[in-house]
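Take a look at the structure below.
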Protein chains: 2
Amino acid sequence: MTQQADFNVLTETCPSRTSLSRIANKWTAMVVIVLGAGRMRFGDLRAAVQGISPKVLTGTLRDLERDGLVARYAYAEIPPRVEYELTALGHTLHTPLHALGRWAEENIPEVLAAREAYDTLR
Amino acid sequence: MTQQADFNVLTETCPSRTSLSRIANKWTAMVVIVLGAGRMRFGDLRAAVQGISPKVLTGTLRDLERDGLVARYAYAEIPPRVEYELTALGHTLHTPLHALGRWAEENIPEVLAAREAYDTLR
DNA sequence: CAGTATCCTATATGATACTG
DNA sequence: CAGTATCATATAGGATACTG
């Protein structure tokens with residue numbers, strides 16, 4: 001029985017909860033995982049994270065930038081070039097998120113089997 | 001430069017992505033973290049995960065049960081008693097999610113500082 | 001006690017077209 | 001190229017009353 005009392009994330013008033021909620025959206029984890037590979041341009045990110053719309057990618061990157069997890073480098077060129085990169089803090093988040101991505105991939109067969117079993121029952 | 005090509009989660013067609021999306025909601029991570037402490041009743045879960053409504057808790061638990069991550073034990077008593085517990089598969093998910101919760105708590109000062117810096121600039 | 005049923009609001013997501 | 005602007009939909013979340 002591990003103790004949970006020290007987990008402030010569970011407390012409504014704790015700001016760390018907002019941080020966990022930020023990660024908890026459909027795209028953040030994927031963007032951070034991709035950026036783990038290194039500095040990347042907007043268009044490359046868009047291609048890597050399949051199905052993300054430019055609007056959503058922009059919003060996701062802005063949020064990550066605001067939280068100090070991603071740095072944005074804009075070059076005054078024509079055509080414009082903008083690159084994104086994980087900050088040191090962002091790298092510390094990449095580790096657990098990468099682990100989560102791995103989990104999803106490794107265990108998807110069991111999850112799918114469980115879903116099928118559940119759905120055929122009810 | 002780590003390789004990302006082997007990350008199917010990024011692929012639109014890969015079902016592992018739905019699995020990652022399931023985890024990526026405001027409540028799932030918290031419920032799994034709490035259940036890491038052991039078998040627990042509905043009411044206790046509700047108290048532990050502060051601010052969750054009964055509707056949302058029920059939905060979260062159903063989804064987790066369907067994915068084979070949580071087992072539900074209902075006792076035919078009056079008043080009724082229902083307990084929830086992580087399955088073996090659920091425990092393997094608990095590990096990375098617990099790490100994520102820890103990350104949120106440990107790094108919230110930096111995140112808050114980054115937000116403040118960002119917001120005062122623009 | 002452990003949910004369901006309802007109703008309502010907020011936010012996320014999507015599809016595109018457009019511009020510096 | 002790297003976004004913005006717009007509009008429309010979907011889904012999540014929240015409050016609360018009710019029931020086996």
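Below, chain A is the first sequence line, B the second, and so on; all start at residue 1. Everything quoted here is computed from the prediction, not taken from an experiment.
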field: Summary of protein contacts for nucleotides 5-12 of chain D, nucleotide by nucleotide, where a base hit scores B, a sugar-phosphate-only hit scores S (4.0 Å, heavy atoms)
entry: BBB-----

query: DNA chain D: stems of at least 3 consecutive Watson-Crick or G-U pairs, cut-off 3.5 Å?
result: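 Stem list for DNA chain D: C:1-20 with D:1-20.
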
For the atom pair [atom1] ([X]) and [atom2] ([Y]), what is the distance rounded to the nearest 0.5 Å?
X      : Y     : atom1 : atom2 : answer
B:I23  : A:K26 : CD1   : NZ    : 14.0 Å
A:D67  : A:T18 : CG    : OG1   : 7.5 Å
B:H91  : B:E85 : NE2   : CD    : 6.5 Å
A:D63  : A:T28 : CG    : OG1   : 7.0 Å
A:L100 : A:M30 : CG    : CE    : 11.5 Å
B:E105 : A:L10 : CD    : CG    : 7.5 Å

Which residues share a side-chain hydrogen bond (donor to acceptor under 3.5 Å, both in side chains) with A:R62, sequence neighbours left out: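 For A:R62 there are no side-chain hydrogen bond (donor to acceptor under 3.5 Å, both in side chains) partners, ignoring immediate neighbours.
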
task: Quick one: list whatever passes side-chain hydrogen bond (donor to acceptor under 3.5 Å, both in side chains) with B:R72, sequence neighbours left out.
output: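 Residues passing side-chain hydrogen bond (donor to acceptor under 3.5 Å, both in side chains) with B:R72: B:Y84.
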
- prompt: What orientation do B:H98 and B:H94 show, parallel under 30°, tilted 30 to 60°, or perpendicular over 60°?
  reply: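 Geometry flag for B:H94 against B:H98: tilted rings.
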
- prompt: Going by atom types alone, do B:N8 and B:T11 pair a side-chain donor with an acceptor below 3.5 Å?
  reply: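 Checked: B:N8/B:T11 side chains show no N/O donor-acceptor pair below 3.5 Å.
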
- request: Determine the minimum heavy-atom distance between B:L97 and B:A29, stating which atoms define it.
  value: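 Residues B:L97 and B:A29, closest heavy atoms: CD1-CA, 3.9 Å.
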
query: So, for A:Q50 and A:W27, which heavy atoms are closest and what is the spacing to 0.1 Å?
result: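 Minimum heavy-atom separation between A:Q50 and A:W27: O-CZ3, 4.0 Å.
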
- request: Output yes when a side-chain donor or acceptor of A:S16 lies under 3.5 Å from a complementary backbone atom of B:I108, and no otherwise.
  value: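 A pair under 3.5 Å: no.
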
Residue whose closest nucleotide on DNA chain D lies nearer the 5' end, A:R62 versus A:P80: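 Checking each residue's closest nucleotide, the 5'-ward one belongs to A:P80.
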
message: Quick check for you: name the first and last nucleotides of DNA chain C, 5' to 3', having an atom under 4.0 Å from a heavy atom of chain B.
response: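 Extent of the interface on DNA chain C: C:dC1 to C:dC7.
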
- request: Give one of base, sugar-phosphate or nothing for A:Y84, where a contact means two heavy atoms less than 4.0 Å apart.
  value: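 If one applies the 4.0 Å heavy-atom cut-off, A:Y84 turns out to touch the sugar-phosphate alone, with no base involved.
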
message: Among residues 46-53 of chain A, which ones have heavy-atom contacts with DNA chain C below 4.0 Å?
response: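 Those residues whose heavy atoms fall under 4.0 Å from DNA chain C, taken from residues 46-53 of chain A, amount to none.
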
